[in-house]
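Note that this is a predicted model, so its numbers are computed, not measured. Lettering follows sequence order; numbering is per chain, from 1.
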Number of protein chains: 2
Amino acid sequence: MSQSDTLTPLIVDLAKREKKHQVVCEACALYRLCLPLGLHRDDLVVLDQLVKRRQSYKRKQDLFTTNDTFSALYVVRSGSFKTTISTSNGREQVTGFYFPGEFIGLDAIHMPSYQSNAIALESSSVCALPFDNLQQVGERLPRLQIQLLTRLSRELAGDKSFMLLLGKKTAEEKLATYLISLSKRFQDRGFSAQDFRLTMSRNDIANHLGLAVETISRVLTKFQGLGLVVINGKDISLKDITKMEALCG
Amino acid sequence: MSQSDTLTPLIVDLAKREKKHQVVCEACALYRLCLPLGLHRDDLVVLDQLVKRRQSYKRKQDLFTTNDTFSALYVVRSGSFKTTISTSNGREQVTGFYFPGEFIGLDAIHMPSYQSNAIALESSSVCALPFDNLQQVGERLPRLQIQLLTRLSRELAGDKSFMLLLGKKTAEEKLATYLISLSKRFQDRGFSAQDFRLTMSRNDIANHLGLAVETISRVLTKFQGLGLVVINGKDISLKDITKMEALCG
DNA sequence: CATTTCTCTTGATCTAGGTCAATGAAATTA
DNA sequence: TAATTTCATTGACCTAGATCAAGAGAAATG
């Protein structure tokens, strides 16, 4: 519905571009960060036709939910998402936050259905890479597979170091590590490493880091007292990144 | 050195088998659990030649260490391994335990060097899948790549639910979840789901679960008091798996 | 634009599990 | 097989961070 609305003009646009030997992905602002990087021109044309662009989601809207049929991988185009999983008795863990150029759904590739919930934190959009036939796509685009393997591996490595955070770090170290990680990711995306907006709630941050909301508040207040950050609601400014890095443990 | 010692006769063996259109992997006891599953006959012959078999490691010996050049993925053939990562100031997190048929090193695929340390918990052996040219291997064996993608995705999903454990579960739930997870893995490997040996130390378990050794001891003692388990040093017997599953939260 | 509902902050109190200490049991080494 | 070292268990005590409570902003909703 909202999907086909936004998609129709793009398919036309896509056809036009192809005549001119242009490729939509090449024109995308995320090109440098996204999947196509490293693909050859021919591959890119194929990829370009596979991808469903610019599906929009508003704040709190689900991209997918645990047990939904696995149909596609998603790349964030704009905005941000969180993913969560739950215990049978209802406790929930925020397993990650996702920003433009990052993949959502990689943990479901082998499965008939998604393994987590993905929810928009603000008005956001994604590109969908349909995966009804992984085998076929893979044989057609081996380099795409290598890209996926790389992405998956990188996320795995990230999750391993997140285990170190959850298992071994103090509240202050956890929050410092989290802020530095956000800062780096924003910088990679061409935004300020110093000033950014926390699109997720304090509750989401707390949950993700294995802490209580109150602890997040207290530590942020403490960091502000130390002159490490200036906080204004959801906006944060890192005043001494070096010192903050030293606090990561 | 010890590697080529054990390898030489196997290469001869390999050549012999190939003349008879046999493939070493097919004869392996782990065949059902391991990588080749889903590969076609032709692929299997190629894979078979790539794999370096039966490298042996003794207790506490490193398979690799953080920053070693990434050269191969490993599949456990026998025994068991743990992987760890560390903070700059020396705190260590056990990020996983690996049993026969499981992959080690998947988090390093995109990297020039390994991202963690892998250490044998007992006398163990592995098959190595050299990865000096992922691109080339991938184009030659697209189905192998799909297998890898699947493995990686599965490990990622496992790590996400481990985050739930680390972030949201109590000491009892953590240990119950861990024991049930081991039980399932042993069962998948054709061993008893009820009686098995904890090849890792209490310290390793505690570290992995984000707890203190003393807590592991206390909870195990409590579980034994409840008649849920019988413990004899490193041997454990799950006396009521259903009840234990209910404790996982 | 008023109201209801979330979200954030701060303070007071509590507790799960950590730390410290001592002892015993295994395993390793000599 | 004794000696040394490492590993596991148990008890006593302590603390980081959770929980509870209350109020103040924001922001969604009618």
Side-chain angles (χ1 to χ4, degrees), chain A residues 58-61 82 90-94 119-123 165-179 197-226 229-236 247 249, chain B residues 58-61 82 90-94 119-123 165-179 197-226 229-236 247 249:
Chain A
K58 41 181 176 300
R59 194 169 125 76
K60 295 194 178 177
Q61 198 181 342
K82 68 173 173 184
R91 266 170 295 168
E92 202 174 54
Q93 172 75 31
V94 174
I119 301 128
L121 294 171
E122 59 192 308
S123 291
L165 176 147
L166 281 178
K168 298 286 170 304
K169 294 194 179 185
T170 66
E172 282 181 27
E173 290 169 338
K174 284 176 175 182
L175 197 49
T177 308
Y178 178 66
L179 292 175
R197 165 160 271 261
L198 301 167
T199 54
M200 67 296 297
S201 69
R202 301 282 193 274
N203 228 307
D204 288 336
I205 299 174
N207 182 305
H208 185 49
L209 302 179
L211 296 169
V213 212
E214 294 90 331
T215 305
I216 300 296
S217 266
R218 283 188 250 269
V219 176
L220 280 178
T221 305
K222 180 169 180 190
F223 282 173
Q224 192 156 29
L226 293 169
V229 301
V230 171
I231 292 152
N232 195 326
K234 302 222 160 228
D235 294 316
I236 188 162
L247 286 179
Chain B
K58 41 181 175 300
R59 193 169 128 76
K60 295 193 179 178
Q61 196 180 346
K82 69 172 172 184
R91 268 170 294 169
E92 200 174 55
Q93 171 76 31
V94 174
I119 301 128
L121 294 171
E122 58 191 310
S123 291
L165 176 147
L166 280 178
K168 298 286 170 305
K169 294 194 179 184
T170 65
E172 283 181 27
E173 290 169 338
K174 283 175 175 181
L175 196 51
T177 308
Y178 177 68
L179 292 175
R197 168 160 267 261
L198 300 167
T199 54
M200 66 296 299
S201 70
R202 301 282 194 272
N203 228 309
D204 288 337
I205 300 174
N207 182 306
H208 185 50
L209 302 180
L211 297 169
V213 213
E214 293 91 330
T215 306
I216 300 295
S217 266
R218 284 188 249 269
V219 175
L220 280 178
T221 304
K222 179 169 181 191
F223 282 174
Q224 192 156 27
L226 291 169
V229 300
V230 171
I231 293 153
N232 196 327
K234 302 223 162 229
D235 293 316
I236 187 163
L247 286 179

Does [N] have its OP1 or OP2 closer than 4.0 Å to a side-chain nitrogen or oxygen of [X]?
{"X": "Lys234(B)", "N": "dA26(C)", "result": "no"}
{"X": "Thr170(B)", "N": "dA16(C)", "result": "no"}
{"X": "Thr215(A)", "N": "dA16(D)", "result": "no"}

For [X], report the nucleic acid contact type (base, sugar-phosphate, nothing); a contact means any heavy atom under 4.0 Å.
{"X": "Ser201(A)", "result": "sugar-phosphate"}
{"X": "Ala212(A)", "result": "base"}
{"X": "Leu220(B)", "result": "nothing"}
{"X": "Lys174(A)", "result": "nothing"}

To the nearest Å, give me how far apart [atom1] ([X]) and [atom2] ([N]) are.
{"X": "Asn207(B)", "N": "dT19(C)", "atom1": "CG", "atom2": "C1'", "result": "16 Å"}
{"X": "Arg218(B)", "N": "dG18(C)", "atom1": "CZ", "atom2": "C1'", "result": "9 Å"}
{"X": "Lys60(B)", "N": "dT28(C)", "atom1": "NZ", "atom2": "P", "result": "8 Å"}
{"X": "Lys168(B)", "N": "dG17(C)", "atom1": "NZ", "atom2": "P", "result": "14 Å"}
{"X": "Ile216(B)", "N": "dA16(C)", "atom1": "CD1", "atom2": "C1'", "result": "14 Å"}
{"X": "Glu122(B)", "N": "dA27(C)", "atom1": "CD", "atom2": "P", "result": "14 Å"}
{"X": "Ile231(A)", "N": "dC8(C)", "atom1": "CD1", "atom2": "P", "result": "12 Å"}
{"X": "Lys222(B)", "N": "dT10(D)", "atom1": "NZ", "atom2": "P", "result": "14 Å"}

Donor-acceptor check, side chain of [X] to backbone of [Y], threshold 3.5 angstrom: yes or no?
{"X": "Lys174(B)", "Y": "Ala206(B)", "result": "no"}
{"X": "Gln61(B)", "Y": "Ile119(B)", "result": "no"}
{"X": "Asn207(A)", "Y": "Glu92(A)", "result": "yes"}

| request: Name the closest nucleotide to the Ala171(A) side chain, picking from dT9(C), dT10(D), dG17(D). | output: dG17(D)
Taking donor-acceptor contacts at under 3.5 Å, does the side chain of [X] reach the base of [N]?
{"X": "Glu214(A)", "N": "dC8(C)", "value": "no"}
{"X": "Arg59(B)", "N": "dT6(D)", "value": "no"}
{"X": "Arg202(B)", "N": "dT10(D)", "value": "no"}

| Does the pair Leu175(B) and Ile205(B) meet the rule for a side chain to side chain contact (heavy atoms under 4.5 Å, CB included), with working shown? | CA-CA 9 Å; Leu175(B) 196 51; Ile205(B) 300 174; 4.0 Å; yes
| field | Min side-chain heavy-atom separation Glu173(A)-Arg91(B) under 4.5 Å | value | yes
